[in-house]
Every structure is written in structure tokens, then in C-alpha cells.
Amino acid sequence: MGDSLTEQVGDLLRRFWKQFNRKASELLMIMVNHKNAGSLGAVAGFAIAVVFTWKFLRSPGNSQRNQRKRLGSSSSDADSAQASSSERQPAFVDFNDEISNDELVSPAELTLGQIVRKKLNGGRKMTCQLLGVVFEETTPEELQKHATVRPNVVEILLEITKSCDVYLMETVLDDESEEIALKALQDTGLFKAGGLMRDKVLFCSTEIGRVSFVRQLEPDWHVDTSLDIVSQLSRFIRSHLFISSIGSSSMATNIFSSTSLEQFFSKDEP
């Protein structure tokens, strides 16, 4: 319907223009044959009228065509921009989806990796004390003589490093204790596996220094055997794991308690 009406209007304009040209030519010849000032002025006026008439007749179609072109161009540019934006948009993997999928599996069927992800609950950085957690030794004095990595903790740590940036730390009495600790970690292959980094094993001379390390790193999780340190940090760190054989009833809601790191990440742990 719209196309038919447009053609009819176009035909009408063309017929009008032919008729106008014929009459205009006859009038122009009459004016030329009568060459006087009045006639020449009339010719000039007539020519101007013809020019403006021509522009008037052409302008609506051109305006509509230009408008359509601009609209089409804008739409095309917008589509191109949207397509380019979609291509540049990186894929985003929601870690919470993995947790939700793990919850659909019964606890007995969960793998170690699934258990670790579920317990970490989206945590991406962890700080962890060495003595009493990773090492069998529990005091700085013992660490001056030897360091023994708990056999079952290696697998747990390597699994945690797949989800978390892990920093190990300890309070030591001398430089020799640092070397003993680093050698024990290296001998178990923790550094070779690519999850743990030697540069992320930190040492300090006081427990205040350990608190300062944790505050500066701002982890999602901190693991420690000192209830005093865990309590101090509970206001600043999202989650804590307090390692103790006796536990404690007076702890903040964001402090979890377990007898060992291995036990916390075991299938039997509630």
C-alpha cells in the first residue's frame, strides 16, 4: 500500500513538472522577444522562481532519503558496535556455580577437590601458619632442630593451591630455623608442583609480626593455632580456621575449629 501511494505521488509530480516546463518555455520566449528593462527584470525573477520551485520539489524526497540513510547507518553502526562489544567481552566463570554443583552430590561421593572448594566457599587467598598445622613441630624451639611435614597435609595444600593463593608463615627464633623450614617444604615436592611458591613462605620474629603479615595480605582465610591471633583478626578477615586439639566455645561466628587441617577438609568433617 505504501509503495503504490509513493509511485502515484511521483507520477503526479513528474506530470506537473513537464507541464510547468512547457508553460515556462512559452512564457520565456515571449519575454525575450520583448527586450526591455521590465521584461528582463521579469525574466530574472522568473528564473529565481524556477530555481526555488525546483529545490522545493526535490527537497522532501531527498530529506526523506537522507533521513532513511542516517537512520539505517545509525542502526548499522549500533549493531556493529554491539557485535564488537560482544566479541571483546571475556567469558566469565562463576565460582559459585561450581559450589552449587558440588552440593548436588552426596558427601560420600565428593572428591577431595570438591570438598576443598566447598569448604573454602569461594575464598581465593589463604594465609596459614606452619607450626602445628603443616609441621609436626609446635614450637619455635623445636623448629631450631628439625621440621617434619605432616604426611597427609601435602595433598590438602596442593589441592587448596588450585583454588587459592597460599602464603605460609611462621614465627622463628633465628635464620637457621628459616632454612630448616624451607628445606622441609622443598623435600616434600611442594614447590615443584607449581602450587606453592618459595617466595610466599614468610618468617617473622614475633606473633605481632604474624598478625601484621595477615593484615597486609588481607586473605579470605587464615589458619592458625593461636586463638589470641585468630580472635584479633576476626574483625578484619572473612574466615578463620583455628587448629586445636581442645577447641574453644568462645569464638566468633566466622571462626571454624578443627583438630587439624586434614580433618577440616576430610569427608567426615560436618
Side-chain angles (χ1 to χ4, degrees), residues 93 95 98-99 102 107 109-205 209-210 213-214 216-226 229 237 239-245 256 258-269:
V93 178
F95 186 77
E98 296 184 30
I99 298 173
D102 293 344
E109 298 175 351
L110 290 175
T111 64
L112 177 59
Q114 290 172 325
I115 294 171
V116 168
R117 289 196 301 270
K118 185 176 180 180
K119 290 293 183 72
L120 291 176
N121 194 27
R124 291 300 191 182
K125 184 185 289 187
M126 174 184 282
T127 51
C128 179
Q129 184 186 10
L130 284 170
L131 289 172
V133 181
V134 179
F135 293 156
E136 296 281 3
E137 291 74 18
T138 58
T139 66
E141 288 77 15
E142 290 180 278
L143 191 57
Q144 286 182 299
K145 302 174 182 178
H146 49 74
T148 307
V149 177
R150 298 169 66 91
N152 296 327
V153 83
V154 174
E155 185 181 9
I156 298 293
L157 278 176
L158 290 177
E159 198 62 50
I160 291 174
T161 60
K162 295 178 182 179
S163 302
C164 277
D165 191 14
V166 178
Y167 290 80
L168 301 176
M169 56 185 62
E170 191 47 72
T171 302
V172 295
L173 300 176
D174 50 38
D175 294 342
E176 288 72 18
S177 298
E178 295 182 19
E179 294 302 323
I180 292 173
L182 289 171
K183 185 177 185 304
L185 294 172
Q186 184 172 354
D187 289 345
T188 60
L190 282 170
F191 298 145
K192 294 180 181 179
L196 285 171
M197 298 179 62
R198 186 185 180 94
D199 293 339
K200 292 182 180 180
V201 181
L202 310 175
F203 299 96
C204 54
S205 57
R210 194 155 84 239
F213 277 155
V214 177
Q216 291 178 36
L217 290 169
E218 297 182 335
D220 301 302
W221 280 85
H222 177 62
V223 184
D224 210 294
T225 61
S226 169
I229 288 180
I237 307 303
S239 302
H240 297 265
L241 176 57
F242 172 53
I243 302 298
S244 173
S245 58
F256 300 88
S258 182
T259 57
S260 67
L261 191 69
E262 308 94 290
Q263 181 62 32
F264 181 73
F265 289 103
S266 72
K267 295 182 180 180
D268 298 330
E269 184 75 12

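We use all heavy atoms of the structure for the numbers below, so side chains are in, but hydrogens, waters and symmetry mates are not.
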Between Val201 and Leu130, is a side chain to side chain contact (heavy atoms under 4.5 Å, CB included) present by the stated rule, with each step listed? CA-CA 9 Å; Val201 181; Leu130 284 170; 4.2 Å; yes

How far apart are the C-alpha atoms of Val153 and Val133, what are their side-chain angles, what is the distance that settles it, and do they pass the side chain to side chain contact (heavy atoms under 4.5 Å, CB included) test? CA-CA 8 Å; Val153 83; Val133 181; 5.5 Å; no

Working note: Leu173 + Leu143, criterion side chain to side chain contact (heavy atoms under 4.5 Å, CB included); need CA distance, chi angles, decisive distance, verdict. CA-CA 9 Å; Leu173 300 176; Leu143 191 57; over 6 Å; no

Kindly indicate, with the supporting measurements, whether the criterion side chain to side chain contact (heavy atoms under 4.5 Å, CB included) is fulfilled by Asp224 and Phe242. CA-CA 5 Å; Asp224 210 294; Phe242 172 53; 5.9 Å; no

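Within the 3.5 Å criterion, the main-chain N or O of Arg124 finds a donor-acceptor partner in the side chain of Asp220. Side-chain N or O atoms of Glu170 include one that pairs as donor or acceptor with a backbone N or O of Leu131 at under 3.5 Å. Judged by distance alone, with hydrogens and angles left aside, the side-chain atoms of Lys119 form a donor-acceptor pair with the main-chain N or O of Phe264 at under 3.5 Å. For Glu262 (side chain) and Ile156 (main-chain N/O), no donor-acceptor pair under 3.5 Å exists by modelled atom type.
The pair Arg117-Glu159 does not count as a salt bridge, with every side-chain nitrogen at least 4.0 angstrom from each carboxylate oxygen.
Within the 4.5 Å cutoff, side-chain heavy atoms of Cys128 are placed close to those of Leu168. For the pair Pro219/Tyr167, no side-chain contact is recorded, criterion being any heavy-atom separation below 4.5 Å from C-beta on. The side-chain heavy atoms of Val134 and Leu157, taken from C-beta on, include a pair separated by under 4.5 Å. The closest side-chain heavy-atom distance from Leu120 to Cys164 is below 4.5 Å. The shortest side-chain heavy-atom distance between Phe135 and Val149 falls under the 4.5 Å cut-off. Two residues are said to be in side-chain contact when any heavy atoms from C-beta on lie closer than 4.5 Å; Asp187 and Lys183 meet this criterion. Counting only heavy atoms from C-beta outward, the side chains of Leu202 and Leu217 approach each other to under 4.5 Å.
For Gln186, the side chain to side chain donor-acceptor pair (under 3.5 Å) criterion is met by Arg198, not counting sequence neighbours.
Inspection of the Gln263 and Ser258 side chains reveals no N or O donor paired with an N or O acceptor under 3.5 Å.
Between His240 and His222, the two ring planes are perpendicular [angle over 60°; tilted spans 30° to 60°].
Applying the salt bridge (Lys or Arg N to Asp or Glu O under 4.0 Å) definition to pairs two or more places apart or across chains, those involving residues 126-148 are Glu136-Arg150.
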